[in-house]
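I have placed the structure first, in the form of structure tokens, so that the comments after it can refer back to it.
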Amino acid sequence: MTAYANFPGSRPRRLRTTPTMRRMVAETRLDPANLILPAFVREGIDAPVAISAMPGVHQHTLDTLRKAAVEAVSAGVSGIMLFGVPEDGKKDARGTAGTDPDGILQVALRAVREEVGDELVVMSDLCLDEFTDHGHCGVLDADGRVDNDATLERYAEMAQVQADAGAHVVGPSGMMDGQVGVIRDALDQTGHKDVSILAYTVKYSSAFYGPFREAVGSSLTGDRKTYQQDPANARESLRELALDMAEGADMVMVKPAGPYLDILAKVAESVDVPVAAYQISGEYAMIEAAAEKGWIDRDKAILESLTGIRRAGAQMILTYWATEAAQWLGHGRG
């Protein structure tokens with residue numbers, strides 16, 4: 001025993017002895033300011049509609065959306081990302097409700113800006129999928145495929161009307177080639193030079209989007225594999241990143257978050273602009289479902305998942321738990 005008196009020479013456990021010690025030496029900090037709340041607003045309803053696959057998440061009315069925005073501000077959340085859900089009868093092949101100044105998303109943007117002003121960074125999803133009767137993110141050609149360049153023209157229109165409605169940030173999520181550059185030009189040419197672009201730089205064709213389709217009332221048939229990225233590819237993400245940066249992206253995003261933490265880390269190491277990650281509907285649903293079964297501790301699992309995303313390099317996390325988690329963090333539970 002004497003020969004091993006100094007063994008082990010290093011004892012990392014000394015820095016894990018108390019909660020205060022662990023907090024003091026923590027390498028990753030999760031703060032309410034890191035969080036962004038995605039929110040759905042649905043046209044033609046007079047009460048919130050529960051989303052069955054996402055317990056606790058609703059399609060909002062304009063009034064409840066306003067309340068959700070105020071709650072997010074009070075909790076210290078930094079931003080809100082809005083998704084519009086139009087009435088089915090207003091969907092068409094070109095997604096014209098998405099560029100109607102009086103369409104549900106534009107009305108919601110104006111309502112939230114009126115309610116909270118600049119206290120939240122108000123973001124808008126810039127994509128056609130919620131507004132098309134075929135559910136794809138762009139305009140279809142004669143063969144039923146998404147026409148990249150025709151879709152870019154529609155995105156330019158969307159950028160202008162969303163900025164006119166008060167968006168601080170637009171988030172092009174359709175994965176069309178050249179979308180960031182076209183949107184930047186459209187914003188600059190219409191007097192919106194201060195509106196930022198959060199580029200959905202890395203967006204994989206994922207099985208984890210399932211609950212989101214219910215949330216936005218998707219009309220999709222088929223899949224989006226011809227424009228969203230193949231989950232098998234990693235280097236492709238860095239190519240997309242280089243293109244978005246060259247086209248003028250102010251911030252970049254990886255989506256989904258949890259299954260692609262390796263990609264998130266690569267992106268975060270490669271750029272000097274803010275990096276976001278979207279903890280998507282399937283990630284949310286899995287934790288909620290397991291917690292409902294009593295298989296995991298819900299609150300601890302939520303914070304662990306968010307900390308993992310932050311540790312991988314995300315400065316901003318879009319999560320449906322944003323307000324709830326921010327309230328916990330504000331009370332020292334992080």
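Since this is a predicted model, take the numbers as computed values, not measurements.
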Can you name the nearest heavy-atom pair linking [X] to [Y], along with the distance?
{"X": "Leu187", "Y": "Ala159", "answer": "CD2-O, 3.6 Å"}
{"X": "Arg23", "Y": "Arg29", "answer": "O-NH1, 2.8 Å"}
{"X": "Met245", "Y": "Val252", "answer": "SD-CG1, 4.1 Å"}

Under a 3.5 Å distance rule, please check whether [X] uses its side chain to pair with a backbone N or O of [Y] as donor and acceptor.
{"X": "Asn34", "Y": "Asp31", "answer": "yes"}
{"X": "Asp125", "Y": "Leu82", "answer": "no"}
{"X": "Gln106", "Y": "Asp100", "answer": "yes"}
{"X": "Glu247", "Y": "Val180", "answer": "yes"}
{"X": "Lys203", "Y": "Ser173", "answer": "yes"}
{"X": "Glu87", "Y": "Glu43", "answer": "no"}
{"X": "Asn148", "Y": "Asp177", "answer": "yes"}
{"X": "Arg298", "Y": "Glu292", "answer": "no"}
{"X": "Thr64", "Y": "His60", "answer": "no"}
{"X": "Arg42", "Y": "Gln59", "answer": "no"}

Heavy atoms from other residues, nucleotides or ligands near [atom1] of [X] exceed 12 (cutoff 6.0 Å):
{"X": "Glu304", "atom1": "CD", "value": "no"}
{"X": "Arg145", "atom1": "CZ", "value": "no"}
{"X": "Asp194", "atom1": "CG", "value": "no"}

**Item:** Between Glu283 and Ser305: side-chain donor-acceptor atoms closer than 3.5 Å
**Value:**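 Distance-only check fails for Glu283 and Ser305.
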
TODO: Just jot down the ring-ring contact (aromatic ring centres under 6.0 Å, His included) partners of Tyr200, sequence neighbours excluded, or say none.
DONE: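 With sequence neighbours excluded, Tyr200 shows a ring-ring contact (aromatic ring centres under 6.0 Å, His included) to no residue whatsoever.
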
[X] bridged to [Y] by N-O distance under 4.0 Å:
{"X": "Arg184", "Y": "Asp250", "answer": "yes"}
{"X": "Glu157", "Y": "Arg154", "answer": "yes"}
{"X": "Glu114", "Y": "Arg66", "answer": "yes"}

Quiz item: Quick one: are Tyr284 and Ile302 in side-chain contact, heavy atoms under 4.5 Å?
Solution: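 When only atoms from C-beta onward are counted, Ile302 and Tyr284 do not touch, as no gap falls below 4.5 Å.
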
Could you tell me if the side chain of Gln229 sits less than 4.5 Å from the side chain of Tyr260, heavy atoms only?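 SC-SC contact between Tyr260 and Gln229 ruled out.
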
With rounding to the nearest 0.5 angstrom, report the CG to CZ distance, Asp118 to Arg113.
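It is 5.0 Å, given to the nearest 0.5 Å.
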
Check the orientation of Tyr278 and Tyr320. Use parallel for under 30°, tilted for 30 to 60°, and perpendicular for over 60°.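 If you compare the ring of Tyr278 with that of Tyr320, the planes turn out tilted.
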
In one Ile/Leu/Val/Met/Phe/Trp/Tyr side-chain cluster, 4.5 Å: [X], [Y]:
{"X": "Met286", "Y": "Tyr209", "result": "yes"}
{"X": "Val107", "Y": "Leu120", "result": "yes"}
{"X": "Trp328", "Y": "Ile309", "result": "yes"}
{"X": "Leu318", "Y": "Met175", "result": "no"}
{"X": "Leu109", "Y": "Val116", "result": "yes"}

Share the residues that join Val25 in a hydrophobic cluster, the rule being Ile, Leu, Val, Met, Phe, Trp or Tyr side chains under 4.5 Å apart at the heavy-atom level.
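Besides Val25, the cluster holds Leu15, Met21, Met24.
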
